[in-house]
There are 2 protein chains.
Amino acid sequence: MGVIEKIRQPRVAARGTVATPEPLPLDSIIRGDCIAAMRALPAKSVDMIFADPPYNLQLGGELFRPDGTHVDAVTDDWDKFDSLKHYDAFTRAWLAEAHRILKDDGTIWVIGSYHNIYRVGAAVQDLGYWILNDIVWRKANPMPNFRGTRFTNAHETLIWASKGEKAKYTFNYRSMKTLNDELQMRSDWEFPICGGQERLKRDGVKVHPTQKPEALLYRILLACTKPGDVVLDPFFGTGTTGAVARRLGRSWIGIEREEDYIAAAEQRIAAALPLDESALATMQSPRAAPKVAFGVLVENAYLTPGAVLTDAKRRFRATIRADGSLLSDCGAIGSIHKLGATVQNAPACNGWSFWHYESDGKLAPIDALRQTYLLATQP
Amino acid sequence: MGVIEKIRQPRVAARGTVATPEPLPLDSIIRGDCIAAMRALPAKSVDMIFADPPYNLQLGGELFRPDGTHVDAVTDDWDKFDSLKHYDAFTRAWLAEAHRILKDDGTIWVIGSYHNIYRVGAAVQDLGYWILNDIVWRKANPMPNFRGTRFTNAHETLIWASKGEKAKYTFNYRSMKTLNDELQMRSDWEFPICGGQERLKRDGVKVHPTQKPEALLYRILLACTKPGDVVLDPFFGTGTTGAVARRLGRSWIGIEREEDYIAAAEQRIAAALPLDESALATMQSPRAAPKVAFGVLVENAYLTPGAVLTDAKRRFRATIRADGSLLSDCGAIGSIHKLGATVQNAPACNGWSFWHYESDGKLAPIDALRQTYLLATQP
DNA sequence: AGCACTCATGAATCGGAAA
DNA sequence: ATTTCCGATTCATGAGTGC
């Protein structure tokens, strides 16, 4: 359980409703097959799904490094499918259940490599999901191509999709921009592969062959969920999703059928410390610059009513009025944004960058005055 | 025409064969629909196909920047498809023709974004192609997400595939490693989007909405073709593929139906200067050292029959015999590679790096002697 | 403690020609 | 088709060891 109250419980799980499906098994691992387990969950009940399905690698023989050592590949049965057809059927089955379980404003993330991601992406689209982005996880330290026969396979792909073209969804734009040093977060992310202390081992052997780095889930949950949201991971493995969800004050549900993985996941998540509420609030909307109305600059005498603003090329002129509205030469009146759009005959306009004031014979955007005001007034 | 002789003409185009299909229209643009044009080309006749198909963007309304300027999105008629079904049918049709036209040891490259690449990738696999890598083109200067509703879409994806799982293909490993500062070339490439002098414009308006940077094609052609190879681009546009192919001494065939694009492409390619043969040779196989048999070192007295080699830790010993074979202490006999594998009980071994000789009390790999020999004998 | 060095290892569709 | 043999081939990171 995270530290944040679960205030967004699905209605279907509330007491006293006529239909009384199972309440959501929050913050716990469901044992068993992922499709069967998802069928038992109520419709429109989770805010986000993160899925790391089998990749269907279809590896051939053994592979040795140039120094003769053996490469420990993914040979687990859960990654084996008889054919692309079988893999497609499996993929469509679990993606369809996921669509049913997702709230209408929920989103899904799926990770894969070139072996399977095209099957997954096509199924996602066919099932009516609407792809919002695909994201490239660039591995800082990938395994080389030992035989020198191809390019080093140095990335994996994630697909982020909403339930449909018109569906709403959560995207914490400010959090991402802050995380990326005040530049928009791009669709290519770099992380090291999971190793070191984070990599779960038992008797020196990795517990799970494909454990994902927590940094990856951290960014995803921070970007696309709110505190208290419910995150489902149908291929839970050793519980990276659960551990990060708990740290970030999100609820989680895992589905897993291998007892070894479940045991490791439970121990790991129990040890994950939730961040305190104030830290979460900070991350939710960090450094969100306080909004300044244009009128405040007038009130504070940064600009004087009656003064004239122009665009950068002095094609358009407008007079400042006492309430912070503008009056153009042609008689139109409006806010800095509205009037900027009107005079340009454009559908929209950012008045802060469009309108300029004159100072020492030079034109500067009024946004510069806003910055000056912020610097003078912020603690 | 590149400067390199076309020595790999398809046999079907040779004179005097019973079946006399059209000879390949090398270094020219075929006017018309890409599927129809491909049907007229002979089977197994081209070495590589680069395809930049319509992206099926299905943009809704118009898009404006925050400053009100219009974003010239891809709204041309050729990029509209009624549905995913139509797009899939189109994709499978041209990919099937491409498969027929490709030589058995040829490869195909297709570029796309999340709007279409999953359709393309699934079709590629369904048609029997074997994906070798997917490559991420990270745009150094992508267009921001103006509305702040998603991650900046900062990459496009390329799929590289052979004709089948067992098919051979060209991959100039050394060229790529050299190009990447002596590290293996990874699957994530960074280039700026096409702009500046390279961007074709007419009356200040860009001729083609999605002109690809030449650097992208340069790397692809350098990696996966040989001088004189025939490269087909079924969505030729303004001819980036042709311009780079000519510079690199490859032959090219373009298919395009828009006369405006054809005119721009022809002018552009005519201005592209082919590199001279020596420059191409260097890039083709840089530092490709001639092979030296171990026995040659013995013949030339770099090592003496009867001398003893060991591994780096002196765990294993072997005596050099007059014919260049080795005799281990336990009585096994074999080549430097074979005996190295035998004594280590390993499936394979590079004898050049495994076996060491002693010089001034220090051990050095016998590969050092090979280098010395090469330096002494190469002009 | 700190540095230098060795060694292990990670979602991998990983050879090809001659006999 | 199968086998044999030759020869080409790795980057970043962390843990462990030794000085």
Engineer: When you measure from the side chain of B/H337, which nucleotide among D/dT13, D/dT10, D/dG7 comes out closest?
Structural biologist: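 The nucleotide sitting nearest to the side chain is D/dG7.
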Engineer: For a quick check, tell me whether the side chain of A/K212 and the base of C/dA11 share a donor-acceptor pair closer than 3.5 Å.
Structural biologist: yes
Engineer: How many Å lie between CD on A/E156 and C1' on C/dA11, as a whole number?
Structural biologist: 6 Å
Engineer: Quick one: label A/P192 by what it contacts on the DNA or RNA (base, sugar-phosphate, nothing), any heavy atom closer than 4.0 Å.
Structural biologist: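 It contacts nothing in the nucleic acid.
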Engineer: For C/dG15 and A/R147 - does any side-chain N or O of the residue sit under 4.0 Å from the phosphate oxygens OP1/OP2?
Structural biologist: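 Yes, A/R147 has a side-chain N/O under 4.0 Å of OP1/OP2 on C/dG15.
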Engineer: Any salt bridge linking A/D67 with A/R65? Criterion: basic side-chain nitrogen under 4.0 Å from a carboxylate oxygen.
Structural biologist: no
Engineer: Could you tell me how far apart A/L63 (CG) and D/dA8 (C1') are, to the nearest whole angstrom?
Structural biologist: 13 Å
Engineer: Side chain of A/A73, heavy atoms from C-beta onward: which of D/dT10, C/dA12, C/dG10 has the nearest atom to it?
Structural biologist: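 My answer, after comparing the listed nucleotides, is C/dA12.
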Engineer: Between D/dT10 atom P and B/N180 atom CG, what is the distance in whole Å?
Structural biologist: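 It works out to 13 Å between those atoms.
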Engineer: Can you find a side chain N or O atom of A/Q197 that sits less than 4.0 Å from OP1 or OP2 on D/dA15?
Structural biologist: yes
Engineer: Strictly by Watson-Crick or wobble contacts shorter than 3.5 Å, is anything paired with D/dC6, and which nucleotide is it?
Structural biologist: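 Pairing partner: C/dG15.
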Engineer: Between atom CD1 in B/I336 and atom C1' in D/dC5, what is the gap in whole Å?
Structural biologist: 13 Å
Engineer: On the 0 to 90° scale, with breaks at 30° and 60°, tag the B/W160-B/F171 ring pair as parallel, tilted or perpendicular.
Structural biologist: tilted
Engineer: If you measure from the Lys or Arg side-chain nitrogens to the Asp or Glu carboxylate oxygens, is any gap between A/R268 and A/E214 under 4.0 Å?
Structural biologist: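 A salt bridge is present here (some side-chain N lies under 4.0 Å from a carboxylate O).
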Engineer: With rounding to the closest Å, how many angstrom separate the C1' atoms on D/dG18 and C/dA1?
Structural biologist: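 To the nearest whole Å, 14 Å.
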Engineer: P atom, C/dC14 versus D/dG7: distance in rounded Å?
Structural biologist: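 C/dC14 and D/dG7 have their P atoms separated by 24 Å.
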Engineer: Aromatic rings A/Y261 and A/H208: how do their planes relate, parallel, tilted or perpendicular, breaks at 30° and 60°?
Structural biologist: tilted
Engineer: For the side chain of A/V74, starting at C-beta, report the closest nucleotide among C/dG16, D/dC11, C/dA11.
Structural biologist: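 Looking only at side-chain atoms, A/V74 lies closest to C/dA11.
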Engineer: Starting from the 5' end of DNA chain D, give me the residue, A/R65 or A/N141, whose nearest nucleotide shows up first.
Structural biologist: A/R65
Engineer: Does D/dC6 have OP1 or OP2 under 4.0 Å away from a side-chain N or O of B/S335?
Structural biologist: yes
Engineer: Give the rounded distance in Å between these two atoms: CZ of A/R199 and C1' of C/dG10.
Structural biologist: 7 Å
Engineer: Considering only the C1' atoms, how many Å lie between D/dT10 and C/dG10, rounded to the nearest integer?
Structural biologist: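 Here D/dT10 and C/dG10 have their C1' atoms 12 Å from each other.
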Engineer: Could you state the CG-C1' distance from A/N145 to C/dG15, rounded to the nearest angstrom?
Structural biologist: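 These atoms are roughly 12 Å apart.
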Engineer: NA contact type, B/I131, heavy-atom cut-off 4.0 Å: base, sugar-phosphate, or nothing?
Structural biologist: base
Engineer: Quick one: label A/D72 by what it contacts on the DNA or RNA (base, sugar-phosphate, nothing), any heavy atom closer than 4.0 Å.
Structural biologist: sugar-phosphate
Engineer: Would you confirm whether B/W130, through its side chain, and B/K166, through its main-chain N or O, come within 3.5 Å as a donor-acceptor pair?
Structural biologist: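 Checking the backbone N and O of B/K166 against the side chain of B/W130, no donor-acceptor pair under 3.5 Å is found.
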Engineer: Return no unless some side-chain N or O of B/Y169 is found under 4.0 Å from OP1 or OP2 of C/dG16.
Structural biologist: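 Checking B/Y169 against C/dG16: no side-chain N or O falls below 4.0 Å of OP1 or OP2.
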Engineer: If you measure from the C1' atom in C/dG16 to the same atom in D/dA1, how many Å do you get, rounded?
Structural biologist: 15 Å
Engineer: Considering every strand and a 4.0 Å limit on heavy-atom distances, what is the contact class for A/P213: base, sugar-phosphate, or nothing?
Structural biologist: nothing
Engineer: Quick one: which of C/dA11, D/dT13, D/dT10 gets closest to the side chain of A/P144?
Structural biologist: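 The answer is D/dT10, which lies nearest to the side chain.
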Engineer: Could you walk me through whether B/W189 and A/F151 pass ring-ring contact (aromatic ring centres under 6.0 Å, His included), step by step?
Structural biologist: CA-CA 11 Å; B/W189 303 352; A/F151 300 98; 5.4 Å; yes
Engineer: Relative to the 5' end of DNA chain C, which residue comes earlier, B/K166 or A/G204, by the nucleotide with the nearest heavy atom?
Structural biologist: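 Whichever sits nearer the 5' end wins; that is A/G204.
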Engineer: Searching all strands shown, indicate the nucleotide that pairs with D/dC11 (Watson-Crick or G-U wobble; both distances under 3.5 Å).
Structural biologist: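 Matched D/dC11 with C/dG10 under the 3.5 Å cut-off.
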Engineer: Whole-Å distance between D/dT10 C1' and A/N153 CG?
Structural biologist: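 Atom CG in A/N153 sits about 15 Å away from atom C1' in D/dT10.
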Engineer: How long is the line joining CG of A/D67 and P of C/dG10, in whole Å?
Structural biologist: 13 Å
Engineer: Heavy atoms only, 4.0 Å cut-off, all strands: where does A/G61 land among base, sugar-phosphate and nothing?
Structural biologist: base
Engineer: Would you mind telling me which residue lines up with the more 5' stretch of DNA chain C, A/Q58 or A/K206, judged by nearest nucleotide?
Structural biologist: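 With A/Q58 and A/K206 compared, the 5'-side residue is A/K206.
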Engineer: Output yes when B/D126 and A/R119 qualify as a salt bridge under the 4.0 Å nitrogen-oxygen rule, no when they do not.
Structural biologist: yes
Engineer: Please determine, for the side chain of A/I193, which listed nucleotide (D/dC11, C/dC14, C/dG10) has the closest atom?
Structural biologist: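 Of D/dC11, C/dC14, C/dG10, C/dG10 is nearest to the side chain of A/I193.
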Engineer: For a quick check of understanding: with a heavy-atom distance under 4.0 Å over all strands, which category does B/N133 fall into, base, sugar-phosphate or nothing?
Structural biologist: nothing
Engineer: Now, which nucleotide makes the Watson-Crick or G-U wobble pair with D/dG16, with each of the two distances under 3.5 Å?
Structural biologist: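 Answer to the pairing question: C/dC5, which forms a Watson-Crick or G-U pair with D/dG16.
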Engineer: Nearest to the side chain of A/T149, heavy atoms from C-beta on, is which of C/dC14, D/dC11, C/dG16?
Structural biologist: C/dC14
Engineer: Quick one: is D/dT10 close enough that its OP1 or OP2 comes under 4.0 Å of any side-chain N or O from B/K177?
Structural biologist: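 True: B/K177 side-chain N/O within range (under 4.0 Å) of D/dT10 OP1/OP2.
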Engineer: Quick one: pull up CE in A/M38 and CD1 in A/I49 and give me the separation to the nearest 0.5 Å.
Structural biologist: 5.0 Å
Engineer: B/K338 or A/G195: which one's nearest nucleotide on DNA chain D is closer to the 5' end?
Structural biologist: B/K338
Engineer: Which of these nucleotides, D/dT10, C/dA11, D/dA12, is closest to any side-chain atom of A/T210?
Structural biologist: C/dA11
